[in-house]
Structures are given as structure tokens and as C-alpha cells.
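Some notes on the structure that comes next.
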Amino acid sequence: MPIPMPVRRLAPLALVATALVPVTPRPSPAQTLAPLAHESFTLPNGLRVILAEDHSAQVVTVNVWYNVGSRNERPGRTGFAHLFEHMMFQGSDHVAKGDHMGLVQRAGGTMNGSTADDRTNYYQSLPSNRLNLGLWLEADRMRSLKITKENFENQRETVKEERRLRIDNQPYSGAFFSALTSVFDPNTCFAYAHETIGSMDDLNAATLDDVIDFHKTYYGPNNATLVVTGDFAPAEAKTLIQQYFGDIPRGPTPPDVQCGQPFNPGLQRRSVTDAKANLPAVVVLWRIPEYKSPDWPALELLSTMLGSGESSRLNRTVVREAKAAVAVQVLAGIGPRRGPNVFGTLGIANQGVSPDSVEALLGQQVAAVVRDGVTAAELTKAKNAYKAGKIAELQTSMGRAEALHTATMFLGDSKAVTTDIDRYMAVTIEDIKRVASTYLRPDNSTIVLIKPEARTP
């Protein structure tokens with residue numbers, strides 16, 4: 001199959017197509033975001049397709065999410081989802097090793113991939129007359145990825161080096177990521193009880209047959225969603241999608257993922273030594289529910305009020321006023337999940353300050369939210385920040401593609417791409433107090449003290 005040539009777009013046809021797009025009415029004051037027009041269908045082989053046409057810029061994004069991440073791995077064989085983020089660029093029947101990137105870049109586009117707990121994505125944004133190239137590239141590697149011993153060994157070493165660079169040789173990173181997974185029971189919720197990047201031991205133990213089996217299980221069209229956004233004609237896109245993807249064989253049905261993680265199992269406390277750290281730190285983590293939970297928006301807004309920006313509560317009280325920490329961070333979740341997640345705070349102690357003191361100050365601020373809630377001004381500011389971020393996300397074809405994927409996978413409805421914001425705008429001060437008292441409680445927490453390695457004089 002030759003590399004597809006650019007599609008010649010006729011200006012008069014483009015003008016007619018644009019004229020036929022219905023004009024979205026101005027939203028009423030009750031609405032928060034105008035609906036994002038899109039359509040979806042499923043090919044006979046199970047590939048789900050979502051098309052969102054927009055002619056505001058001559059750019060098109062082709063974005064594939066595979067329903068596989070680290071949650072799908074099993075004990076002793078971790079890191080496979082992340083390994084395939086790399087393997088998927090090692091060539092297919094009609095694309096030589098490494099040429100995927102070169103073909104996209106020579107066409108004036110950008111591309112990449114990423115791995116998370118619940119999904120792996122591959123995407124390219126291209127000039128709109130190269131839609132066929134993006135679709136062809138994704139279809140060719142979905143159909144005929146080259147999983148050879150040479151490619152496997154090479155990319156396994158690449159992943160191991162990435163782990164050394166980003167986690168093992170960075171201060172606090174190894175201890176922090178280990179803490180995030182330690183809140184889950186590996187016997188009942190292995191899905192989230194191990195690190196996405198995988199362990200060195202598991203990567204070393206992996207065989208080519210293991211990798212081939214993982215690919216056969218999870219990288220078929222029936223386990224993927226293709227989103228196309230931007231400047232394209234839907235009829236043309238449908239023809240190309242059918243031509244390139246339609247005859248790819250359906251794969252097996254992947255096994256279900258189980259996670260039986262209870263809330264409030266009792267306080268867990270441990271300490272670790274970090275040879276790369278110069279100052280002690282404390283990580284306090286709480287278990288929280290999945291992304292589609294009614295409580296999620298309040299928890300996400302609370303994380304903004306506690307730790308986002310200089311005026312946030314922890315930055316103001318712990319860093320600037322008490323000078324107990326050189327930095328604090330707060331997160332609500334390791335990205336969206338279809339299972340339990342983590343609400344966390346990290347404080348790096350100032351010189352001469354004990355991590356116990358930092359822990360106490362962090363705890364005081366959380367207790368104040370449970371007792372008194374937050375102010376109306378804080379909540380309004382957090383909502384405005386969320387809304388501004390959501391509006392900015394939907395301004396680009398890439399942002400719209402990712403938002404459509406997120407709504408589909410984690411909320412079960414692509415229309416939630418613009419309606420989910422209503423959950424956030426409806427959060428009240430009482431909601432903030434309620435979720436803080438429900439989840440940010442001692443018997444639902446894990447506390448990890450990070451100690452620098454003792455230095456010899």
C-alpha cells in the first residue's frame with residue numbers, strides 16, 4: 001500500500017461545506033459551554049469512530065485511544081502498556097522503523113503518544129489536506145505492527161533508560177510514585193497498585209512471547225476509539241476510514257479489570273530514604289472515587305483551592321507565612337480513571353524544619369476545610385480557573401480530540417465533552433466540606449516521610 005498523496009481540496013467545495021454547517025445559537029445565561037457538534041459510529045470490526053468537524057483552522061487531528069493502560073497488566077509483567085507506546089513507532093508493513101515521525105513532520109505535522117493508567121493514545125495533528133496520511137499511518141500500525149525480537153530488545157532498553165532518567169535518578173520522584181501506588185492493595189486492586197512505567201525486574205523478565213500476547217489482546221480495532229477533529233469533510237473522512245480500517249480483523253475481547261479497594265482501611269504510615277533528595281519531605285495521600293463519581297468535581301476544585309497558585313491555601317500558609325516548606329503540591333487524581341484514585345499533598349521541608357512539622361501544618365489546613373469549609377471567593381476563583389482551562393482546551397483540534405476521548409471513556413457519553421462542566425459549576429461550599437470530611441480523613445490516608453540519605457563528612 002503506497003503512502004497516500006495529499007488530498008486536493010477545492011476552494012468552492014470548502015466554501016459550500018462551511019456554509020452548510022449549522023450556526024450554533026448563542027448560549028443562554030443558563031448554559032456554560034456551547035455544544036460541540038460531532039457524530040459517532042462503529043465499524044463492523046468494533047472500531048468506534050467520532051468525527052468533529054470544525055473549519056476555524058486548516059488543521060486536522062487524528063487521535064487513537066486504545067482501551068489499555070497499566071491497569072490491564074498482571075503481577076510480574078508490568079510496564080507493557082508503556083512499552084507499546086514506544087513499540088508502536090517501530091514500523092509496520094508499509095512504514096519503516098522510525099518513519100512514522102518523519103512522514104508526519106515532513107507533511108508539516110506534529111505527533112506523539114502517551115500512556116496512562118486506563119488508556120494509551122497516539123495522535124498526529126496535520127495540515128487538513130493530509131488527513132489521509134494520518135489515518136493511513138494509524139491503520140497500518142493497527143493492522144501490521146512489527147513486533148520483532150530486535151525491536152523489543154531495543155525499546156525495552158529505551159524504557160529502562162527512561163525510568164532511570166525520569167524516576168530513579170530524580171529527587172523525590174521515585175518515593176512519590178511509589179507512595180501513589182502504595183495506597184492500593186495489590187491483592188485486590190493490582191490495577192492501580194503498581195507504577196505505569198513498570199519495574200526494572202518485570203521489564204528484564206519479559207519475553208517476546210509475553211509482548212506478542214499483550215499486543216494481540218489489547219491492540220485490535222474493537223478495543224480502540226478513533227477521533228478525528230478539525231478541518232475535514234465528514235463524507236471524505238468516512239470513506240478513508242472504511243478504506244484503511246474496515247478490513248482490519250477484530251481482536252479478542254480483553255478480560256475485565258477488577259479492583260476491590262475499600263475506603264477507610266486505617267491509617268498507614270511509612271518512611272523511605274531518598275539518596276537523591278537534599279531535604280526531607282512528606283506525602284499525605286487519601287483514597288478518592290473514580291472520575292465519574294458525583295464527588296469528583298468538588299474534590300478537583302478543592303485541590304485547586306489548596307495548592308494551585310501562589311494564593312492557594314497551602315502555598316500561602318505553609319510556604320510563605322510559616323516558611324516551613326520550600327514547595328507544596330496538591331493533586332486530585334493521577335489523571336482520570338475508571339476506578340479509585342488518589343488525592344495527595346506533597347510538602348518539601350525547609351532547611352532545619354522536620355517533616356513532622358510540615359505534616360502537621362498540612363493537616364491543619366485540611367482540618368480547617370472539614371470544619372469551616374472554604375470562602376465563596378475561593379470557590380468562585382477555582383470554578384473560573386476550571387472553566388477557563390476547559391474553554392482553552394476546546395479551542396484546538398488536539399484539545400477537542402482529547403476531550404471527546406475523555407468524555408467517552410470516563411463518562412460514557414461523548415456529549416459530556418461540553419456538559420460535564422455543569423457538574424463543576426454546581427459545586428457548593430457544603431459540597432466541599434462534605435467531600436473533605438468523607439475522604440480526607442485519617443483512617444483513609446497513607447503518610448510517607450521521605451528522608452535524605454545520610455551524607456558522610
Side-chain angles (χ1 to χ4, degrees), residues 69-75 78-79 81-82 115-118 167 170 172-199 202 257-274 277 280-293 295-296 298-300 302-303 306-307 314 328-348 355-356 358-360 362-363 365-367 369-370 410 435-451:
S70 54
R71 76 195 294 262
N72 301 94
E73 296 163 354
R74 59 186 175 87
T78 64
H82 179 241
T115 311
D117 298 323
D118 283 45
I167 296 179
Q170 293 291 329
Y172 308 107
S173 291
F176 183 65
F177 285 110
S178 176
L180 292 176
T181 59
S182 71
V183 304
F184 299 103
D185 185 343
N187 296 312
T188 61
C189 187
F190 184 76
Y192 301 118
H194 67 284
E195 295 174 36
T196 300
I197 200 168
S199 75
D202 288 357
V257 174
Q258 303 297 324
C259 176
Q261 177 60 55
F263 291 99
N264 313 322
L267 172 64
Q268 300 174 9
R269 180 183 290 274
R270 62 192 181 93
S271 63
V272 297
T273 299
D274 187 338
V282 59
V283 181
V284 185
L285 303 167
W286 297 270
R287 297 162 193 81
I288 59 174
E290 62 185 336
Y291 185 74
K292 70 178 182 181
S293 164
D295 289 340
W296 180 272
L299 287 162
E300 186 171 344
L302 175 57
S303 73
L306 284 176
L314 295 184
V328 293
Q329 292 183 2
V330 180
L331 61 87
I334 316 301
R337 280 180 180 172
R338 288 165 289 175
N341 218 315
V342 176
F343 191 105
T345 60
L346 164 69
I348 300 176
D356 292 337
V358 177
E359 178 192 338
L362 296 176
Q365 291 304 310
V366 171
V369 174
V370 172
F410 297 107
V435 297
S437 61
T438 300
Y439 301 106
L440 309 190
R441 43 191 283 180
D443 61 345
N444 192 41
S445 68
T446 296
I447 299 172
V448 180
L449 299 181
I450 303 174
K451 303 177 180 179

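Computation of the quantities below employed the complete heavy-atom set of this structure, encompassing side-chain atoms and omitting hydrogens, waters and symmetry-equivalent molecules.
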Could you walk me through whether V342 and F184 pass the side chain to side chain contact (heavy atoms under 4.5 Å, CB included) test, one step at a time? CA-CA 9 Å; V342 176; F184 299 103; 3.6 Å; yes
Any idea which heavy atoms bring R337 and P340 closest together, and the distance? NH1-O, 2.9 Å
Side chain R441, main chain N264, donor-acceptor under 3.5 Å: no
Ignoring hydrogens and angles, tell me if any N or O in the side chain of S182 forms a donor-acceptor pair with the backbone of A179 under 3.5 Å. yes
Are Y192 and R71 close enough, and set up right, to give a side-chain hydrogen bond (donor to acceptor under 3.5 Å, both in side chains), and what steps lead you there? CA-CA 6 Å; Y192 301 118; R71 76 195 294 262; 3.0 Å; yes
Rounded distance [0.5 Å steps], CG in L331 versus CD in E300: 11.0 Å
Rounded to the nearest 0.5 Å, what's the gap from SG on C259 to CD on E290? Could you check? 10.0 Å
Beyond-backbone contact of P289 with Y439, side-chain heavy atoms, under 4.5 angstrom: yes
Short side-chain to backbone donor-acceptor contact, E73 and G79, under 3.5 Å: yes
Work out which heavy atom in L267 is nearest to a heavy atom in S445; give both atom names and the distance. CD1-OG, 3.1 Å
The reported gap from CG in N444 to CG in L285 (rounded to nearest 0.5 angstrom) is 10.5 Å
Inter-residue atom distance I288.CD1 - L440.CG, 0.5 Å rounding: 8.5 Å
At their closest point, which heavy atom of I167 faces which heavy atom of I197, and how far apart are they? CD1-CG2, 3.7 Å
So which atom in R74 and which in F190 form the shortest heavy-atom distance, rounded to 0.1 Å? C-CE2, 3.3 Å
Test side chain to side chain contact (heavy atoms under 4.5 Å, CB included) on H194 and S199; report intermediate values, then the result. CA-CA 8 Å; H194 67 284; S199 75; over 6 Å; no
If you define the side chain from C-beta out and look only at heavy atoms, does anything of F343 sit under 4.5 Å from L306? yes
Quick one: does any side-chain atom of D118 pair with a main-chain N or O of R338 as donor and acceptor, under 3.5 Å? yes
Least distance between heavy atoms, G333 atom then N341 atom: CA-OD1, 3.1 Å
Is the shortest side-chain heavy-atom distance between P280 and V358 below 4.5 Å? no
Enclosure of Q329 CD (heavy-atom neighbours >12, cutoff 6.0 Å): no
With a 3.5 Å distance limit and no angle check, can you tell me whether Q261 reaches the backbone of T188 through a side-chain donor-acceptor pair? no
Nearest-0.5 Å distance, OG1 of residue T446 to CZ of residue R287: 4.5 Å
Name the residue from T115, T196, T78, T181 that meets the side chain to side chain donor-acceptor pair (under 3.5 Å) definition with S70. T196
Got I348 and I450 here, is their nearest side-chain heavy-atom distance under 4.5 Å? no
Find the distance between CD (Q365) and OG1 (T345) and round it off to the nearest 0.5 Å. 11.0 Å
Has R269 got a side-chain atom pairing as donor or acceptor with I447's backbone, closer than 3.5 angstrom? no
For a quick test of reading the model, state the closest non-hydrogen atom pair linking L362 to G347 and the distance between them. CD1-N, 4.4 Å
